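Only a predicted model underlies this, so the values are computations on that prediction, with no experimental measurement involved. Numbers restart at 1 for each chain; the letters A, B, ... are given by sequence-line order, proteins then strands.
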Number of protein chains: 2
Amino acid sequence: MTSPAVSTRDLPHPARDEIRLEGVLHALSDPMRLRIVRELAAVSGELTCSHFDLPVTKSTTTHHFRVLREAGVVQQIYRGTAKMNGLRRDDLDGLFPGLLDALLDAAARQAVRLGSA
Amino acid sequence: MTSPAVSTRDLPHPARDEIRLEGVLHALSDPMRLRIVRELAAVSGELTCSHFDLPVTKSTTTHHFRVLREAGVVQQIYRGTAKMNGLRRDDLDGLFPGLLDALLDAAARQAVRLGSA
DNA sequence: CGGCTCGTACGATAGGCATCGTAGTACGTA
DNA sequence: TACGTACTACGATGCCTATCGTACGAGCCG
């Protein structure tokens, strides 16, 4: 090896300029993925895949994370056996200022509206 | 007839409380529908279905308008043979403040980024 | 080394959906 | 009434996708 990479495996991410609004909206139109993004935004850091306790199998969870990554919503890197996930907030805010916050706020409002008394 | 309705045909719309964020995002994740919404926002009024010159057949156009209506994004009423379409801006702004503007701004920025020099 | 955990890959399946074409309905007008 | 316009309904088609199960690979630990 010539470079001390974090891991031997690396994952394809779209460049900032390749991120499409339609793709982002489609990625966020799935309840599971919207939930993942909300949790990531709440901690404003990185989380492992296994941190999320979703009501689907691990195969499906992997699929959702890939959709989010390929849409440019999250960034993923391997760290040992774990895979860390983080929101691409800088890129999204740069491309679509205010959009992510508006989406998160909308999701939070809907959660309050539907989930509580 | 007991009521002077605008038309004999009426179209089912979701009530404001029934509008779901995921549905709105899904509706807007299609390029055709995003384009329709952008045009509606630009005129801030009502437009007929036939006003839109989309690169799809009229069947498909009807389908897209129905998706937008059932998601709660647009409101439709018959006026004679024409069907008028308008954004449900008040309802969307009430449920998700700032979201629609952020989405329209994001779409405009992407259009500039992709479409012009 | 042996096993354990985390995550992936692949195939299958079932459902959704964007698109089309054709046939039909509602409304206005000559 | 007869015709034209605006939109709809329905069926077909092909693609995408959310889900699962099983088998596998990569890295840690005893």
Side-chain angles (χ1 to χ4, degrees), chain A residues 1 4-13 20 22-37 39-40 46-71 73-86, chain B residues 1 4-13 20 22-37 39-40 46-71 73-86:
Chain A
M1 305 81 157
V6 183
S7 168
T8 55
R9 298 172 284 177
D10 48 324
L11 299 156
H13 289 75
R20 290 287 175 279
E22 298 90 327
V24 173
L25 297 183
H26 173 251
L28 266 43
S29 69
D30 182 279
M32 292 298 161
R33 294 194 289 259
L34 185 57
R35 177 168 159 179
I36 290 171
V37 169
E39 285 196 48
L40 282 176
E46 292 186 327
L47 292 176
T48 64
C49 285
S50 57
H51 168 270
F52 297 87
D53 189 25
L54 302 174
V56 291
T57 64
K58 286 210 282 190
S59 301
T60 306
T61 303
T62 296
H63 161 71
H64 284 311
F65 273 107
R66 178 167 40 188
V67 172
L68 286 171
R69 172 168 46 85
E70 291 176 348
V73 178
V74 306
Q75 108 204 73
Q76 302 185 293
I77 60 167
Y78 286 103
R79 193 159 319 184
T81 62
K83 189 161 75 167
M84 306 305 294
N85 301 274
Chain B
M1 307 84 160
V6 182
S7 168
T8 53
R9 296 171 287 176
D10 47 324
L11 300 156
H13 288 75
R20 291 287 175 279
E22 297 91 325
V24 172
L25 296 183
H26 173 252
L28 265 43
S29 69
D30 182 279
M32 292 297 162
R33 294 195 289 260
L34 186 57
R35 177 167 159 179
I36 290 171
V37 169
E39 285 196 48
L40 282 175
E46 292 184 327
L47 291 176
T48 63
C49 285
S50 57
H51 167 270
F52 295 88
D53 189 24
L54 302 173
V56 292
T57 64
K58 286 215 276 191
S59 299
T60 306
T61 302
T62 297
H63 162 71
H64 284 312
F65 274 108
R66 177 168 41 187
V67 172
L68 286 170
R69 171 169 46 86
E70 291 176 347
V73 178
V74 305
Q75 119 205 57
Q76 301 186 292
I77 60 168
Y78 285 104
R79 193 159 319 179
T81 61
K83 188 161 76 166
M84 307 304 295
N85 301 273

Residue pair A:Ser50 / A:Lys58, side-chain heavy-atom distance below 4.5 Å: no
Counting only side-chain nitrogens and oxygens, does [X] get under 4.0 Å of the OP1 or OP2 atom of [N]?
X: B:Thr60; N: C:dC20; value: yes
X: B:Thr48; N: D:dA6; value: no
X: A:Tyr78; N: C:dC6; value: no

Closest contact, heavy atoms only, B:Ala71 versus B:Val24: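 Smallest interatomic distance, heavy atoms only, reads O-CG2, 3.8 Å.
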Where do A:Ile36 and A:Phe52 come nearest, in terms of heavy atoms and distance?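 Nearest pair, atom of A:Ile36 first, then A:Phe52: O-CE2, 3.8 Å.
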side-chain hydrogen bond (donor to acceptor under 3.5 Å, both in side chains) between B:Thr62 and B:Ser59, intermediate numbers included: CA-CA 5 Å; B:Thr62 297; B:Ser59 299; over 6 Å; no
Write down the distance between [atom1] ([X]) and [atom2] ([N]), rounded to a whole number of angstrom.
X: A:Leu11; N: C:dT8; atom1: CG; atom2: P; value: 7 Å
X: B:Arg66; N: C:dA18; atom1: CZ; atom2: C1'; value: 12 Å
X: B:Arg69; N: D:dC7; atom1: CZ; atom2: P; value: 13 Å
X: A:Glu70; N: C:dT8; atom1: CD; atom2: C1'; value: 13 Å
X: B:Glu22; N: C:dG16; atom1: CD; atom2: C1'; value: 17 Å
X: A:Ile77; N: C:dT8; atom1: CD1; atom2: P; value: 14 Å
X: A:His64; N: D:dA18; atom1: NE2; atom2: P; value: 6 Å
X: B:Phe65; N: C:dT19; atom1: CZ; atom2: C1'; value: 16 Å

Have a look at A:Thr62 and say if it touches a base, only the backbone sugar-phosphate, or nothing, with a 4.0 Å heavy-atom cut-off. base
Check against side chain to side chain contact (heavy atoms under 4.5 Å, CB included), B:Val56 and B:Met32: CA-CA 9 Å; B:Val56 292; B:Met32 292 297 162; 4.0 Å; yes
Please tell me which of the listed nucleotides, C:dT19, D:dT19, C:dT8, lies nearest to the side chain of B:His63? C:dT19
Among residues 25-37 of chain A, which residues get a heavy atom nearer than 4.0 Å to DNA chain C? none
Where along residues 51-59 of chain B does a heavy atom come under 4.0 Å from DNA chain C, residue by residue in number order?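 The stretch gives B:Val56, B:Thr57, B:Ser59 as the residues lying under 4.0 Å from the strand, ordered by number.
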Quick test of your reading: applying side chain to side chain donor-acceptor pair (under 3.5 Å), list the pairs with at least one residue in residues 27-37 of chain A, sequence neighbours left out, ordered by first then second residue. A:Arg33-A:His64
Looking only at atom types and distance, does a side-chain atom of [X] sit under 3.5 Å from a main-chain N or O of [Y], one as donor and one as acceptor?
X: A:His13; Y: A:Arg69; answer: no
X: B:Asp53; Y: B:His51; answer: no
X: B:Asn85; Y: B:Leu47; answer: yes

